[in-house]
Amino acid sequence: MDVAYDWNSLPVPSHLREFEARWTQRRDPLAFSGIWRFHSLLPFAPPEQVVTIGEGQTLLQEANSVADYVGVKPGRLFLQYEGMNPSGSFKDNGMSAAFTHARMTGARRAACASTGNTSASLAAYCAVTRLMKAVIFIGSGKISYGKLSQALDYGALTVQIAGDFDDAMARVREVSRELGIYLVNSINPFRLEGQKTIMLRVLEALNWEPPDWIVVPGGNLGNSSAFGKAFMELKELGLIDRVPRLAVVNAAGADTLYQLWHDRRVRWNGGHPPKETIDEYFREMDERQAKASTIASAIEINRPVNLYKCLRALEFCDGMVCRVSDQEILDAKAQVGAGGIGCEPASGASVAGARMLRQIGAIEENERVVCILTGHQLKDPTATVAYHTTDQAKFNEVLGSRGVKRASFANRAVAVPNDLAEIVKAIQLYS
Ligand code: F0G
């Protein structure tokens, strides 16, 4: 299901630059929000119903050390830090929109299944606005501490299912239907409306000139679907003349999109995707009892609910799909961290994917590439600390079990006796 607008009867800007006028009205919460200052491009709600908690104040950073790692020229690689949102991930973009719609329907409870960020976001919107009660479903042991701590702190009803995200997703759909609870997972089309604005902010930061590539991690495939919809609409409205290429990056241990795209040659096919091939793939996956497994727990998903919309986005944006190992994800994440600000493992997949696409020559060294950093560095401290640790047993327990062999860019703590002379010696030796 899509949100569709009758653009002919709506006021639409004649140039994207017109949105800049909103900056001067930042005391108005709807102008301050990085979602709602683009309201005319997601005009499904009357302004008085709109819910904002100040989301979308995010940064597009030119990152030359990461450009070097990816293999593009200086000034060509940009990182879109969506971790700067109030709940620390891109989810707040979509949540402000879905939450707004939930309010329009008079919902009293909202639910989601989550690998952690959607639940943190929903819990935050419920806690700040007091408009609804959050009910969240998580897989047992499948959620990083940073994210779990948010849901608990913000007071969400947290239901831990004996199973993984895909199990929790199936259940929350049943439960929401049975109890009439508003579902805010990205199967909800209003989520995607909010997530379109990530692309608007990227364009804005690039002075409204589309980059050559947008690279994004793929889990439930909401972002990629939303980005595609944003570009479809901008093109239809004549607000951009060129569409960036879209690259969606799977983790190797959660690679449904990759398998379908490369091995089964599944395409959107002008609106006629091969449903039987896709259903057959899922049947085989069930027979094998395949479970997703990656250190990037945010994208540990085997049944992406937005698969079809993502295929549509890939067709429209002349897209590519690649997959990267947990080793590549963590090394790329360490490179992002070493450049400052940092990200969580799933976000590292976008940089690892860009590097792979550069290596195979799909991305050229002169092209402008935007990697979306979907979640904050502090979301998953366990993975980060295990990567940098000197404790081999800890490394093996957290990362070795995932096939990660080395921490290529580890910054190890230096152990010294509690002795002034020894400390001075160590600092002189290492700095
Ligand atoms: N990156 C992060 C940090 C995420 O939390 C997610 C999804 C993704 C990427 C994948 O994005 O689903 O749009 O392809 N997290 C969801 C959650 C599933 O429950 O928080 P997608």
Side-chain angles (χ1 to χ4, degrees), residues 80-85 87-95 98 111-124 134 136-139 142-144 146-148 150-151 156 158 161 164-169 172 183-188 191-192 194-196 198-199 214-229 246-251 254-258 292 294-307 309-310 313-314 321 324 329 333 336 342-353 371-380 383:
Q80 174 69 10
Y81 279 99
E82 287 300 314
M84 295 168 79
N85 274 295
S87 81
S89 84
F90 76 92
K91 300 288 179 180
D92 296 345
N93 292 280
M95 199 58 67
C112 67
S114 185
T115 55
N117 280 326
T118 305
S119 49
S121 182
L122 173 61
I136 66 171
F137 285 53
I138 56 176
K142 293 288 185 182
I143 171 170
S144 72
K147 302 172 190 178
L148 180 59
Q150 288 179 287
T158 304
I161 307 268
D164 64 7
F165 172 82
D166 294 310
D167 300 320
M169 187 70 232
V172 78
L183 186 62
V184 297
N185 278 102
S186 58
I187 191 148
N188 177 330
R191 274 274 308 276
L192 305 194
Q195 285 166 221
K196 288 189 317 195
I198 301 172
M199 289 302 100
I214 301 289
V215 189
V216 64
N220 237 350
L221 305 177
N223 262 339
S224 43
S225 301
F227 298 173
K229 187 168 190 281
L246 180 67
V248 185
V249 187
N250 268 169
D255 64 348
T256 297
L257 178 67
Y258 178 91
T294 166
I295 190 74
S297 58
I299 52 173
E300 197 176 54
I301 296 171
N302 259 351
R303 287 182 176 273
V305 297
N306 288 296
L307 177 63
K309 287 182 188 172
C310 174
L314 285 164
V321 178
V324 291
I329 285 174
K333 174 187 167 311
V336 173
C343 65
E344 66 165 283
S347 314
S350 60
V351 171
C371 293
I372 311 300
L373 300 183
T374 45
H376 197 281
Q377 200 269 356
L378 296 174
K379 287 280 190 174
D380 190 356

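We use all heavy atoms of the structure for the numbers below, so side chains are in, but hydrogens, waters and symmetry mates are not. If you're wondering where the values come from, they're calculated on a predicted model, not measured in any experiment. Numbering of ligands and ligand atoms starts at 1, following listing order.
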Practice problem: Specify the protein heavy atom at minimum distance from atom 4 (C) of ligand 1: its residue, its atom name, and the distance to 0.1 Å. | Solution: Ala298 CB, 3.4 Å
Quiz item: With atoms numbered from 1 as shown, which atoms in ligand 1 lie under 4.0 angstrom from a non-hydrogen atom of Ala346?
Solution: 1 (N)
Quiz item: Which residue supplies the protein heavy atom nearest to atom 15 (N) of ligand 1, what is that atom called, and how far is it?
Solution: Lys91 NZ, 2.9 Å
Quiz item: Which residue and non-hydrogen atom of the protein lie closest to atom 10 (C) of ligand 1, and at what distance in Å?
Solution: Ile299 CG2, 3.4 Å
Quiz prompt | Geometric N/O contact Ser119 with ligand 1, under 3.5 angstrom | solution = no
Quiz item: Should one rank Asn250, Thr118, Val248 by closest heavy-atom distance to atom 17 (C) of ligand 1, which comes out on top?
Solution: Thr118
Practice problem: Check whether the side chains of Gln195 and Asn93 place a donor and an acceptor atom closer than 3.5 Å, and report yes or no. | Solution: no
Self-check item: ligand 1 to Ser224 polar contact by distance, N or O atoms, under 3.5 Å
Solution: no
Quiz prompt | Those atoms of ligand 1 less than 4.0 Å from some heavy atom in Asn223 | solution = 13 (O)
Quiz item: For Asn306, which of Leu257, Asn223, Leu221 qualifies under side chain to side chain contact (heavy atoms under 4.5 Å, CB included)?
Solution: Leu221
Quiz item: Numbering the atoms of ligand 1 from 1, which are under 4.0 Å from a heavy atom of Ser114?
Solution: 17 (C), 19 (O), 20 (O)
Exercise. Decide whether Lys379 and Gln150 meet the rule of one side-chain donor and one side-chain acceptor closer than 3.5 Å.
Key: yes
Quiz prompt | Backbone or side-chain N or O of Glu344 under 3.5 Å from ligand 1 N or O | solution = no
Quiz prompt | Protein heavy-atom partner closest to atom 5 (O) of ligand 1 - residue, atom, separation in Å | solution = Asn117 ND2, 2.8 Å
Quiz item: So, Thr374 and Ser89: side-chain donor and acceptor under 3.5 Å apart, yes or no?
Solution: no
Quiz prompt | ligand 1 contacted by Ser186 (non-hydrogen, < 4.0 Å) | solution = no
Quiz item: Counting from 1, what ligand 1 atoms have a heavy atom of Asn220 closer than 4.0 Å?
Solution: 12 (O), 14 (O), 21 (P)
Quiz item: Looking only at N/O atoms, are Gly222 and ligand 1 under 3.5 Å apart anywhere?
Solution: yes
Quiz prompt | Any Ile301 heavy atom less than 4.0 Å from ligand 1 | solution = yes
Quiz item: For atom 11 (O) of ligand 1, which protein heavy atom lies nearest, and how many Å away is it?
Solution: Phe90 CZ, 3.6 Å
Exercise. Provide, to 0.1 Å, the distance between atom 2 (C) of ligand 1 and the closest protein heavy atom, together with that atom's residue and name.
Key: Thr374 OG1, 3.3 Å
